[in-house]
Amino acid sequence: MSSISQDQNQDQNQDQGQEQTEKDGEEVKTEVKAEENKDEKTEGKRENKEAKRGAKEEESWRDALYNPRTGAFLGRTAGSWGLILLFYLVFYGFLAGMFFLTMWVMLQTLDENVPRCQDRVSNPGLVILPHAAEVSFNRSDPADYEPHIRQLHNILQQYNDSLQERNDLCLVGEYTEQNQEPVKKVCQFKRSTLRQCSGLPDTSFGYAEGKPCILVKMNRIIGLRPRGDPYINCTAKSNSKFQIQYFPAEGRLDKMFFPYYGKKTHPDYVQPLVAVKLLLTKDDYSAEHTVECKVEGSDLRNSDDRDKFLGRVIFRVKVSE
């Protein structure tokens, strides 16, 4: 009997254990389903929030461009846009008016014929013609020096006697003052004054015989009145001291060609020239000679170390045969 009761008790315990296990499994399944339902609800809420956020962002962009409720375009109503455009119109109009006013005041102080500031060019420089730092040629080859003589002929066209006779005869040694005349007269400087370097008796300007002519002139400066009796003086820096001829005589720059009044009121003005003829000999051929020309006899500066072309010019000559 006792064994039978024990077996019954064991069966009851097993049944109770199974029932407890089934209950625990059902509880676990219920919890898992509850968690899954929570996750689904959470995901749904997130999706709803993201959808609402996207809609709000799209709506905010649309409102930033144009808000139909307030009628604002780019954040401003029509009245606000009108006020700000009016402000900038007045502001920039005022700035433009100030600019044009200052320009007009400045222009009233300027003379269209004379530069206001000339302190940096109070003294002229010298220029040689033909335009070359080195005049090198073979006197036996006309094609070698033809560019030089062509350039000289072209420059002297405006000095032809037939053209210069239309100009005025001025007082030698006196400034040609004509401040009151609206259009200034021009003093004659005839090409024939340069004689052997005029290109008239010798169309090769001495290049064919190995005795080239070099033209020297001063740069134009408005209102320049050189004191004294200015003239051009050239010296050879080489060991060979060849002779130099000047046309006009003594290389004079007559004061009657001064002052110059500018292109507008002095349109036909011609600068005075000095022709320098280098009397080279055969002993001087095939050697390079350095020549320096200066304006002397006046208050014009010619020895400024900071500007080697102020009142002077240096060039080289080499003749071969």
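All values derive from a computational prediction rather than experimental measurement. Nothing fancy with the numbering, it's 1 onward along the sequence.
No hydrogens or angles considered: nothing links the side chains of D202 and Y207 as a donor-acceptor pair under 3.5 Å. A donor and an acceptor atom, one from each side chain of N167 and Q164, are located under 3.5 Å apart. A donor-acceptor contact under 3.5 angstrom links the side chains of R191 and N160, judged on distance only.
A donor-acceptor contact shorter than 3.5 Å is absent between the side chain of D284 and the backbone of L280. For the pair Y175 (side chain) and P226 (backbone), a donor-acceptor distance under 3.5 Å is present.
Residues L224 and P259 have side chains not in contact (no heavy-atom distance under 4.5 Å, counting atoms from C-beta outward). You'll find the side chain of K185 reaches within 4.5 Å of the side chain of Q178, heavy atoms only. Residues Y159 and L273 meet the side-chain proximity criterion, which asks for heavy atoms closer than 4.5 Å. A 4.5 Å side-chain heavy-atom check between V270 and Q188 finds every atom pair outside the cut-off.
Open room surrounds CE on M98; 12 or fewer heavy atoms of other groups in view lie less than 6.0 Å from it. Within 6.0 Å of NZ on K241 lie more than 12 heavy atoms contributed by other residues, nucleotides or ligands. More than 12 heavy atoms of other residues, nucleotides or ligands shown are found within 6.0 angstrom of OH on Y285. In this structure, E177 places its CD atom where more than 12 heavy-atom neighbours from other residues, nucleotides or ligands lie under 6.0 Å away.
Taking a cutoff of 4.0 Å between a charged side-chain nitrogen and a carboxylate oxygen, E321 and R139 qualify as a salt bridge. Using a cutoff of 4.0 Å between basic side-chain nitrogens and carboxylate oxygens, K308 and E292 are not scored as salt-bridged.
Summarising the geometry of C197 relative to L215, their closest heavy-atom pair is O-CD2, 4.4 Å, with the distance given to 0.1 Å. P130 approaches I214 most closely through the heavy-atom pair CD-CD1, 4.3 Å. Across every non-hydrogen atom of I149 and F205, the tightest pair is O-CE1, 3.8 Å. Shortest non-hydrogen contact noted between L156 and S198 is CD1-O, 3.6 Å. For C293 against V216, the heavy-atom pair with the smallest separation is SG-CG2, 4.4 Å.
Between F91 and Y88, the angle of the ring planes goes over 60°, which puts this pair in the perpendicular group of the 30/60° scheme.
Under the 4.5 Å side-chain heavy-atom criterion for grouping Ile, Leu, Val, Met, Phe, Trp and Tyr, F87 is connected to W81 within one hydrophobic cluster. Linking ILVMFWY residues whenever their side-chain heavy atoms come closer than 4.5 Å, directly or via other members, leaves I232 and L310 in distinct clusters.
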_Steps toward side chain to side chain contact (heavy atoms under 4.5 Å, CB included) verdict (M218, Q271)_ = CA-CA 8 Å; M218 285 198 309; Q271 296 157 267; 5.6 Å; no
*Run the side chain to side chain contact (heavy atoms under 4.5 Å, CB included) check on T235 and V291 step by step: do they pass?*
CA-CA 6 Å; T235 55; V291 181; over 6 Å; no
*Does the pair Y261 and N179 meet the rule for a side-chain hydrogen bond (donor to acceptor under 3.5 Å, both in side chains), with working shown?*
CA-CA 8 Å; Y261 289 94; N179 295 324; 3.0 Å; yes
*asked:* As a quick check of understanding, evaluate side chain to side chain contact (heavy atoms under 4.5 Å, CB included) for Y260 and I221, giving each step before the final call.
replied: CA-CA 7 Å; Y260 169 58; I221 294 184; over 6 Å; no
